[in-house]
Asker: 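One structure, pasted below without further comment.
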Amino acid sequence: MMFSDSYKILFDEVKIGPLVAKNRFYQVPHCTGLGHLRPQAEAEVRRIKAEGGWAVVSTQETEIHPTSDLSPFPENRIWDERDIPALRLMTDAVHSEGSLAAIQLVHNGYHSMNQLTRAPLLAPSEGSLHAILPRQARQMDKKDIKEFRIWHKQAVKRGKEAGFDIIYVYAGHHMTLPHHFLLPRTNERLDEYGGSLENRARLLRELLEDSKDVAGNECAVALRFAVDEMQGIEGMQAQEEGREIVEMLRDYPDLWDVNVSGWDNDSITSRFEPREGYQEEYVKFVKKITSKPVVGVGRFSSPDKMVEMIKNGILDF
């Protein structure tokens, strides 16, 4: 491959925990509309990404349990061992092109719908369904939290069995149970999982510890985290709590995948946000805190902008 010396940095190898990514191009988790309903098509989409040169290629949301059913939306699933063969199609396809495969594990808490499973909605505190249908979530008790941690560990184990190299803990976009525990507006608990920031972050820290234990030296553990939205409001107070979370957990994950919340802000269309690297002002503090590699997004299309972000110590991927 011939390219200007000024762009060579984009093709550096980067260490992620026990693994090495072959360059700095990282396809973060994003939905395709294929998921568990069309696993062969899903695998081929990801293979084409890897063929194009991406060092890491991720799944979309992958539900860890029937209490996080997003039907009729076709996300991936890793509810039990029967889901492993479909996911193996994707990892085999990505590996065939020499790239690393990542899986984004998710429990959507009160953002779930459970129309198929009819399971009760789970949340840190009682609240109405954060979606299109009128339902009520119940507050998780200590037994529920313990079971949730077991479900997550089982999903990490299945992710390893399916051949994934990087396994995500996901706390962002207002859509996941760990994020709901972090947010005061959705967490009104009075026990050790509520109140102070340290308490609200307890479950996230436990999930990272659990995931690292199960992953061992075979897989890397990534944390996808919305750095800008902690209080449910805009402004400095929200960003300060986001920074405190990064400081608190700085070296727990092998990689930080940072973005803004909610999903509509993170995925805003170019009609309303044409700037390249528009999330820089929100995420630029992360690499100053952690020693681990950082991946970010923001409509990057210019290699000059990409090189600038790397040389200025803002992003690694």
Side-chain angles (χ1 to χ4, degrees), residues 13-23 25-32 34-36 38-65 68 74-107 149-172 176 178 207-225 252-257 292-293 295 317:
E13 293 182 344
V14 182
K15 195 170 187 299
I16 308 174
L19 308 171
V20 175
K22 63 184 180 182
N23 59 47
F25 295 95
Y26 190 114
Q27 183 248 286
V28 298
H30 73 86
C31 296
T32 62
L34 300 170
H36 70 276
R38 299 171 179 85
Q40 292 177 319
E42 169 72 8
E44 181 62 8
V45 167
R46 307 303 181 181
R47 187 199 66 77
I48 290 171
K49 291 269 191 174
E51 181 184 27
W54 297 80
V56 181
V57 180
S58 305
T59 66
Q60 57 204 334
E61 286 190 346
T62 304
E63 303 161 3
I64 68 170
H65 193 264
S68 182
E75 306 291 352
N76 287 116
R77 287 179 180 167
I78 195 164
W79 290 1
D80 56 39
E81 286 75 13
R82 291 171 294 182
D83 293 313
I84 291 176
L87 293 168
R88 172 67 74 170
L89 293 175
M90 183 260 189
T91 58
D92 286 347
V94 170
H95 290 157
S96 72
E97 303 294 343
S99 300
L100 301 176
I103 182 171
Q104 180 177 242
L105 302 180
V106 69
H107 192 294
R149 290 179 62 189
I150 292 172
W151 300 338
H152 201 277
K153 286 192 287 188
Q154 291 171 336
V156 175
K157 181 175 181 292
R158 294 183 196 117
K160 287 176 62 176
E161 292 174 2
F164 287 98
D165 307 289
I166 300 172
I167 298 177
Y168 267 86
V169 177
Y170 182 17
T176 75
L207 293 177
L208 287 167
E209 291 172 338
D210 293 343
S211 299
K212 294 281 284 187
D213 286 344
V214 177
N217 293 321
E218 300 172 53
C219 302
V221 173
L223 172 57
R224 196 177 203 194
F225 178 57
Y252 276 79
D254 295 308
L255 174 134
W256 284 86
D257 179 340
K292 303 306 175 72
V295 58
F317 290 99

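Computation of the quantities below employed the complete heavy-atom set of this structure, encompassing side-chain atoms and omitting hydrogens, waters and symmetry-equivalent molecules.
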Asker: Between atom CZ of Arg77 and atom OG1 of Thr62, what is the distance when rounded to the nearest 0.5 Å?
Answerer: 11.5 Å

Asker: For Ser211 and Val221, indicate whether the former's side chain and the latter's backbone hold a donor-acceptor pair under 3.5 Å.
Answerer: no

Asker: What do you reckon, is CD of Glu161 surrounded by more than 12 foreign heavy atoms closer than 6.0 Å?
Answerer: yes

Asker: Would you name the heavy atoms of Pro18 and Asn217 that are closest together and state the gap between them?
Answerer: CB-O, 3.3 Å

Asker: Measuring from atom CG of Asp210 to atom CZ of Arg149, what distance do you get when rounded to the nearest 0.5 angstrom?
Answerer: 4.0 Å

Asker: Can you establish whether the number of heavy atoms outside Lys157 located under 6.0 Å from its atom NZ is more than 12?
Answerer: no

Asker: Is it the case that Lys49 places NZ or CZ above or below the six-membered ring of Trp54, under 6.0 angstrom from the centre and within 45 degrees of the axis?
Answerer: yes

Asker: Does any non-hydrogen side-chain atom of Asn76 lie less than 4.5 Å from one of Gln104?
Answerer: no

Asker: Please report the closest heavy-atom contact between Ala93 and Ala43, naming both atoms and the distance.
Answerer: CB-O, 3.7 Å

Asker: Could you go through Tyr26 and Ile16, starting from their C-alpha distance and side-chain angles, then the distance that decides it, and tell me whether this counts as side-chain contact (heavy atoms from CB on, under 4.5 Å)?
Answerer: CA-CA 12 Å; Tyr26 190 114; Ile16 308 174; 4.3 Å; yes

Asker: Do Phe317 and Leu255 pass the side-chain contact (heavy atoms from CB on, under 4.5 Å) test, and can you show the C-alpha distance, the side-chain angles, and the key distance before you say yes or no?
Answerer: CA-CA 10 Å; Phe317 290 99; Leu255 174 134; 3.8 Å; yes

Asker: At what distance, to the nearest 0.5 angstrom, does CD1 of Ile78 lie from CD1 of Ile64?
Answerer: 9.5 Å

Asker: About how many Å separate SG of Cys31 and CD of Glu61, when rounded to the nearest 0.5 Å?
Answerer: 5.5 Å

Asker: Which heavy-atom pair separates Ile166 from Ala222 by the least distance, and what is that distance?
Answerer: CG2-CB, 3.8 Å

Asker: Measure the spacing between OG1 of Thr59 and CD1 of Ile167 and express it to the nearest 0.5 Å.
Answerer: 10.5 Å

Asker: Output yes when a side-chain donor or acceptor of Lys153 lies under 3.5 Å from a complementary backbone atom of Asp213, and no otherwise.
Answerer: no

Asker: Shortest non-hydrogen contact from Ala162 to Thr91?
Answerer: O-OG1, 2.6 Å

Asker: Would you confirm whether His65, through its side chain, and Trp79, through its main-chain N or O, come within 3.5 Å as a donor-acceptor pair?
Answerer: no

Asker: For residues Leu208 and Pro253, report the shortest heavy-atom separation together with the two atoms involved.
Answerer: CD2-CB, 4.2 Å

Asker: State whether Arg158 and Asp80 are salt-bridged, where the test is any N-O pair (Lys NZ or Arg NE/NH1/NH2 against Asp/Glu carboxylate O) under 4.0 Å.
Answerer: no

Asker: Minimum heavy-atom separation for Gly53 to Asn23, with atom names?
Answerer: O-ND2, 2.8 Å

Asker: Give every residue pair that meets the salt bridge (charged side-chain N to carboxylate O under 4.0 Å, His left out) criterion with at least one member in residues 91-102, sequence neighbours excluded.
Answerer: Arg47-Glu97, Arg88-Asp92

Asker: Take Tyr168 and Ser58 through the side-chain contact (heavy atoms from CB on, under 4.5 Å) test and state the conclusion after the steps.
Answerer: CA-CA 10 Å; Tyr168 267 86; Ser58 305; 4.1 Å; yes

Asker: Looking at Thr32, Ile103, Val106, Val45, which one forms a side-chain contact (heavy atoms from CB on, under 4.5 Å) with Gln60?
Answerer: Thr32

Asker: Please lay out, stage by stage, how Phe164 and Met90 fare under the test side-chain contact (heavy atoms from CB on, under 4.5 Å).
Answerer: CA-CA 9 Å; Phe164 287 98; Met90 183 260 189; 3.5 Å; yes

Asker: Would you please classify the geometry between the Phe225 ring and the Trp256 ring as parallel, tilted or perpendicular, with 30° and 60° separating the classes?
Answerer: perpendicular

Asker: Could you state the interatomic distance from CG (Leu89) to CD (Glu42), rounded to the nearest 0.5 Å?
Answerer: 10.5 Å

